[in-house]
**Q** 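First the structure, which I've put down as structure tokens, then a few questions once you've had a look.
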Amino acid sequence: MQLIDGKAIADVVKAEIAETVRLRKEQGLKVPHLAAILVGHDGGSETYVAHKVKACEQVGFESTLIRFEADVTEEELLATVEKLNNDSQIDGFIVQLPLPKHISEQKVIEAIDYRKDVDGFHPINVGRASIGLPSFVSATPAGILELLKRYEIPTKGKRCVVIGRSNIVGKPVAGLMMQKAYPGDATVTVCHSHTENLKEIVSQADIIIAALGSPEFLTADMVKEGAVVIDVGTTRVPSSETKSGWKLKGDVKFDEVAPKCSYITPVPGGVGPMTIVSLLKNTLLATEIKF
Ligand code: GUN
């Protein structure tokens with residue numbers, strides 16, 4: 001069994017991005033500039049956005065954080081999105097989700113110019129990705145594919161089972177795994193809460209991508225000997241072992257599943273660290289090419 005070290009790969013990719021930025025500076029080209037809009041004071045969102053800003057610093061990007069209180073109006077937020085769409089200094093930007101209930105997340109996402117939508121949430125990017133056109137792919141699916149690529153894990157012709165059908169992980173990762181490419185060319189099945197015979201289907205998989213958000217859902221009896229297991233779960237569960245009072249739990253019962261795997265991602269330190277790297281890669285792409 002080989003552990004997929006997401007933290008180590010994320011550091012390698014960050015170093016590659018930093019080198020590209022250094023070369024761009026040397027050639028007098030524009031330094032990538034990411035903006036993030038953060039509404040309110042949700043603990044998780046504060047942490048994620050702080051990590052994104054710090055990652056920009058690490059690779060030499062410029063970043064701008066725009067903060068609003070939770071009572072900001074939808075109109076005000078949409079006006080800021082419009083301003084960023086038209087600001088030639090900003091190459092890409094994100095609106096951290098979730099937003100307060102009085103604001104339509106879909107309306108805000110659709111207001112973002114898809115050419116600056118480095119989260120890959122805009123329907124134009126989702127549609128373009130699904131037919132293989134250049135696009136911004138959302139961070140978690142892109143991070144998973146990067147891990148498969150860096151570990152040279154074969155995917156062509158393999159049976160890949162995705163558990164979970166969310167718009168930001170399950171659906172896009174299923175689409176990417178079936179595209180005519182590497183990683184890709186897999187035979188993909190998507191399982192979800194209404195799937196019958198789930199265990200039977202999952203136990204035939206060469207590659208399992210668990211993205212349902214149910215701690216320790218995937219047990220050893222569902223996993224074929226030699227399978228590749230990618231754990232996307234990041235549920236916060238109460239813990240007396242940590243200072244914060246919680247720890248992250250994946251969707252995989254790691255201790256019993258790991259011995260059966262050829263490769264497996266841990267939680268934390270697997271897929272998680274790759275998501276911010278994907279955002280950085282998208283921002284660099286937004287700076288380099290316009291599609
Ligand atoms: N909230 C949780 N994950 C994400 C993400 O990838 N992007 C944004 N904008 N908000 C999030």
Side-chain angles (χ1 to χ4, degrees), residues 6 10 13-14 33-56 61 63-68 70 72 74 77-78 80-81 84-85 90-101 103-126 129 135-147 164-173 176 209 211-213 230-236 246 248-251 267-268 270-286:
V13 182
K14 273 190 205 166
H33 190 160
L34 173 73
I37 301 178
L38 175 59
V39 179
H41 298 274
D42 173 79
S45 293
E46 294 258 8
T47 309
Y48 288 136
V49 170
H51 284 151
K52 289 171 187 179
V53 170
K54 185 167 160 234
C56 283
F61 285 7
S63 66
T64 298
L65 174 58
I66 301 168
R67 301 195 65 132
F68 289 104
V72 65
E74 191 176 89
L77 198 56
L78 290 171
T80 303
V81 166
L84 294 174
N85 282 343
I90 303 292
D91 299 292
F93 65 99
I94 62 157
V95 181
Q96 188 66 26
L97 305 178
L99 292 172
K101 292 215 168 8
I103 299 173
S104 160
E105 287 185 354
Q106 199 54 33
K107 207 165 163 181
V108 171
I109 289 168
E110 290 187 31
I112 299 171
D113 183 332
Y114 78 94
R115 291 162 299 190
K116 293 191 176 189
D117 166 40
V118 285
D119 257 334
F121 290 170
H122 193 288
I124 293 181
N125 278 317
V126 175
S135 56
F136 296 115
V137 174
S138 64
T140 304
I144 293 169
L145 263 72
E146 190 72 33
L147 287 176
R165 55 176 162 181
S166 70
N167 288 340
I168 63 169
V169 185
K171 280 182 202 152
V173 85
L176 290 168
I209 302 176
L212 68 159
I230 307 292
D231 189 350
V232 189
T234 51
T235 308
R236 285 183 178 192
W246 56 265
L248 285 184
K249 266 253 185 280
D251 289 348
V267 174
V271 174
M274 293 301 293
T275 58
I276 288 186
V277 161
S278 304
L279 177 67
L280 296 174
K281 282 189 90 167
N282 277 348
T283 306
L284 181 60
L285 186 68

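Both ligands and their constituent atoms are indexed starting at 1 by order of listing. Keep in mind the model is a prediction, meaning the values are calculated, not measured.
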**Q** Does any non-hydrogen side-chain atom of Ile103 lie less than 4.5 Å from one of Val72?
**A**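 Yes - at least one pair of side-chain heavy atoms lies under 4.5 Å apart.
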**Q** Would you check if the side chain of Asp251 reaches a backbone N or O of Leu212 as a donor-acceptor pair within less than 3.5 Å?
**A**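 The answer is yes, because a donor-acceptor pair under 3.5 Å joins these two groups.
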**Q** If the test is side-chain contact (heavy atoms from CB on, under 4.5 Å), which one of Leu284, Leu279, Leu285, Leu280 qualifies with Val118?
**A**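 When side-chain contact (heavy atoms from CB on, under 4.5 Å) is applied between Val118 and each of Leu284, Leu279, Leu285, Leu280, only Leu279 qualifies.
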**Q** Could you pull out all donor-acceptor pairs under 3.5 Å where a side-chain atom in residues 91-101 meets a protein atom, sequence neighbours excluded?
**A**
{"from": "Asp91", "atom 1": "OD2", "to": "Lys30", "atom 2": "NZ", "distance (Å)": "2.7"}
{"from": "Asp91", "atom 1": "OD2", "to": "His33", "atom 2": "N", "distance (Å)": "2.8"}
{"from": "Gln96", "atom 1": "OE1", "to": "Lys52", "atom 2": "NZ", "distance (Å)": "2.8"}

**Q** Under 3.5 Å, is there a donor-acceptor pair between the His41 and Glu46 side chains?
**A**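 Side chains of His41 and Glu46: pair found under 3.5 Å.
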**Q** At less than 4.0 angstrom from any atom of ligand 1, which residues have a non-hydrogen atom? List them by chain and residue number.
**A**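 Contacting ligand 1 under 4.0 Å are Lys52, Val95, Gln96, Leu97, Asp119, Phe121.
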**Q** In a check of side-chain contact (heavy atoms from CB on, under 4.5 Å) between Cys56 and each of Thr64, Leu65, Leu34, which one passes?
**A**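 Exactly one pass, corresponding to Leu34.
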